[in-house]
Amino acid sequence: VEYASGDGIDLWRNSSDSDILSVKITDSDNGAEVGGGVSGAFWVTTDRNDFAGKKLSTTNTTSYINYNFPTDLPTGQNKCDYLTGIQNWKGGVFNDTCYKDTNSTNYTLTFYSTLFPEVIYPNGSGFIRGNPVSVNGTLDDECGYVEDATIVYTYIPVGSPQNSYTCTINSNNGWKEGEGWYNCTKNTVGRPQGWYNVKMEVSKNYYSSNSTQKNNSFNLGTNPSLTDPSVDKSIGGWGEIYTFTVTFTDSDFNTNNVSLWRSYDNTNWVMINSTNRSGVSVPIQFKHRFTCEDYQNQSPYFYFKFTAIDVFNFSDETTPQYITLDRDNVTLTLSSSSDSTIRRISDNTALLEFRIYDSDHERYTNDTDGQIYITQDGTNYVINESCTPTLGYCNITYNPNCSSTVGIQKWKAESVYSGSTWYKSANSSEFYFNITTVKLSAILSEPIGITRVRGVDDVFLRGNVSDECGLVSEAS
């Protein structure tokens, strides 16, 4: 078996490359060419040691057997069965009826391919400057993952590429590889802030070198900061407006969600309000009016805090502080509809009306009960009647009887809350109304039917003055 062609050839496995492996068969007994139709075969190693299944062939008329490799692979074989690198091949007579099985010596061919790297992670992530940053990449060829390659990761600051630095198997703060994954970790102490591109350069024997770059792979930054948290009052009615302030800074100028939170127990938190901000030393203010439920549920304080978080989940949080919510103040005012004059014992009644105003919440309230106190002698409050407010108005109708003297009487109002303690009790100032009566009636009772001497006898006169309730004293 004589060599003809195919020794030392180079083939690119990832292309349509092929070449002819060829040997010539000669009859060693008579030295003549065997001619056509002699059965033969070729064998090629897959890993330089183990030969794949044979490729059958027959000699042509000029006594050559040929193998167009790897285009004409035997059924069941494909190019990915053959590793890159140097492979051995041989050919010769096989299973022929006239000639003994005889092979050539081993010849070689070399398979090459192309590497396909990809940076998988980070993919737009953020890291705190000074913390380690891990880069994960994969390496494949047309047949699958590639191991034992040389990998160089380069961390490239977008704003200052001259400050780039590398992460390799020999220079790292953590390295792991396997099944085509190459993971490298590098510290970032003292490295520039901002966005980074990551370049992955790969090489391996029998492969063409290649590289890839993931732009804006990660952002190296700092946590935002919240300072000087405060509230404009430490105690006040639940319905008052509270102003919460904090100073926000993000030296990376990332947009942050800055939020105000509340808690009844310093454990479970609910967001009150939030805003998006960026910049340095930015004053942020939230105004909030609480509810009576907030007042009732504080135990015993009402806690608040601020948080800031940016797009990379860099965050800061203030230490919880507390305020004390108190009952709201109310004021009571005289309604313009209230009557100022009433006739005693008649079909007319007096409307005594006041209005209840939540001065902390700045609204009229129906959440309190009303009491009205009235004098009958102009001094002592002896009548007490309750009322239920509507739109803050609370009133009674009053028809004085004979227990009330005529003239100026006083009345005043009080707000109370019978169902809870949302409001402080309040009293109004004193209001006045005038009680009138019918015309006085005068009756002369003496003298009647008597005779007296003028200039000699005294005449005694007796009479009485009365109204609808009876005799009236101190009349003139």
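Computation of the quantities below employed the complete heavy-atom set of this structure, encompassing side-chain atoms and omitting hydrogens, waters and symmetry-equivalent molecules.
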Student: With heavy-atom distances below 4.5 Å as the criterion, would you say the side chains of N88 and V44 are in contact?
Tutor: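 N88 does not reach V44 side chain to side chain.
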Student: With a 4.5 Å heavy-atom cut-off, do L352 and D339 have their side chains touching?
Tutor: no
Student: For residues 314-331, which residue pairs pass the salt bridge (charged side-chain N to carboxylate O under 4.0 Å, His left out) check, not counting sequence neighbours?
Tutor: K305-E317, D326-K424
Student: Among I309, T307, N257, N256, whose side chain to side chain contact (heavy atoms under 4.5 Å, CB included) with P224 holds?
Tutor: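 Only one option passes, and that is N256.
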Student: Can you give the donor-acceptor pairs under 3.5 Å from side chains of residues 143-150 to other protein atoms, not counting sequence neighbours?
Tutor:
from, atom 1, to, atom 2, distance (Å)
E147, OE2, E179, N, 2.8

Student: Could you pull out the closest heavy-atom pair between P132 and F127, with the gap in Å?
Tutor: O-CD2, 4.1 Å
Student: Which class fits the ring pair F111 and F69: parallel under 30°, tilted 30 to 60°, perpendicular over 60°?
Tutor: tilted
Student: Taking all atoms of both residues into account, what is the closest heavy-atom pair of T318 and L226, and its distance?
Tutor: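 Scanning both residues, the minimum pair turns out to be CG2-CB, 3.7 Å.
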Student: Who pairs with E293 by salt bridge (Lys or Arg N to Asp or Glu O under 4.0 Å), at least two apart in sequence or on another chain?
Tutor: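 Salt bridge (Lys or Arg N to Asp or Glu O under 4.0 Å) check on E293 returns nothing, list empty.
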Student: Please tell me whether W411 and F431 form a close aromatic pair, meaning their ring centres lie under 6.0 Å apart.
Tutor: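 W411 vs F431: aromatic centres under 6.0 Å.
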Student: For residues 397-412, which residue pairs qualify under salt bridge (charged side-chain N to carboxylate O under 4.0 Å, His left out), counting only residues two or more places apart or in two chains?
Tutor: K410-E430
Student: So do the side chains of C184 and S134 get within less than 4.5 Å of each other, counting heavy atoms only?
Tutor: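 Heavy-atom side-chain distance check fails, nothing below 4.5 Å.
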Student: Please name all residues satisfying side-chain contact (heavy atoms from CB on, under 4.5 Å) with N131, sequence neighbours left out, ordered by chain then number.
Tutor: I128
Student: Would you confirm whether the ring centroid of Y373 sits within less than 6.0 angstrom of the ring centroid of Y381?
Tutor: no
Student: Could you give all pairs that pass the side chain to side chain donor-acceptor pair (under 3.5 Å) test and reach residues 223-232, with sequence neighbours left out?
Tutor: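 Pairs touching residues 223-232 that pass the test: S230-T245.
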Student: With sequence neighbours excluded, what pairs up with I20 under the side-chain contact (heavy atoms from CB on, under 4.5 Å) test?
Tutor: S5, S22, N66, N68
Student: Verify side chain to side chain donor-acceptor pair (under 3.5 Å) between T368 and S415, making sure each step is shown before the conclusion.
Tutor: CA-CA 6 Å; T368 66; S415 70; 4.9 Å; no
Student: Can you say whether the rings of F286 and F306 are parallel (under 30°), tilted (30 to 60°) or perpendicular (over 60°)?
Tutor: parallel
Student: Can we call the ring centroids of F312 and W195 under 6.0 Å apart?
Tutor: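 Centroid separation for F312 and W195: below 6.0 Å.
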Student: Taking salt bridge (Lys or Arg N to Asp or Glu O under 4.0 Å) as the definition, give me every residue that meets it alongside R13, ordered by chain and number, with sequence neighbours left out.
Tutor: D141, E142
Student: With under 30° as parallel and over 60° as perpendicular, where do the rings of F302 and Y264 fit, or are they tilted in between?
Tutor: perpendicular
Student: With sequence neighbours left out, what residues match Y398 under side chain to side chain donor-acceptor pair (under 3.5 Å)?
Tutor: S404
Student: Which class fits the ring pair Y322 and Y303: parallel under 30°, tilted 30 to 60°, perpendicular over 60°?
Tutor: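 Because their plane-to-plane angle is over 60°, the rings of Y322 and Y303 count as perpendicular.
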Student: Find out whether F51 and F42 are in side-chain contact, i.e. whether some heavy atom of one side chain is under 4.5 Å from a heavy atom of the other.
Tutor: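 With C-beta onward as the side chain, the pair stays apart.
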Student: What I'd like to find out is whether the side chain of D369 reaches to under 4.5 Å of the side chain of S386, using heavy atoms alone.
Tutor: no
Student: Within a 6.0 Å radius of atom NZ on K79, are there more than 12 heavy atoms belonging to other residues, nucleotides or ligands?
Tutor: yes
Student: Under the salt bridge (Lys or Arg N to Asp or Glu O under 4.0 Å) test, which residues partner E240, sequence neighbours left out?
Tutor: K233
Student: What residues form a disulfide bond (SG atoms under 2.5 Å apart) with C292, not counting sequence neighbours?
Tutor: none
Student: For Y155, enumerate each residue passing the side chain to side chain donor-acceptor pair (under 3.5 Å) test, keeping only those at least two apart in sequence or located in another chain.
Tutor: none
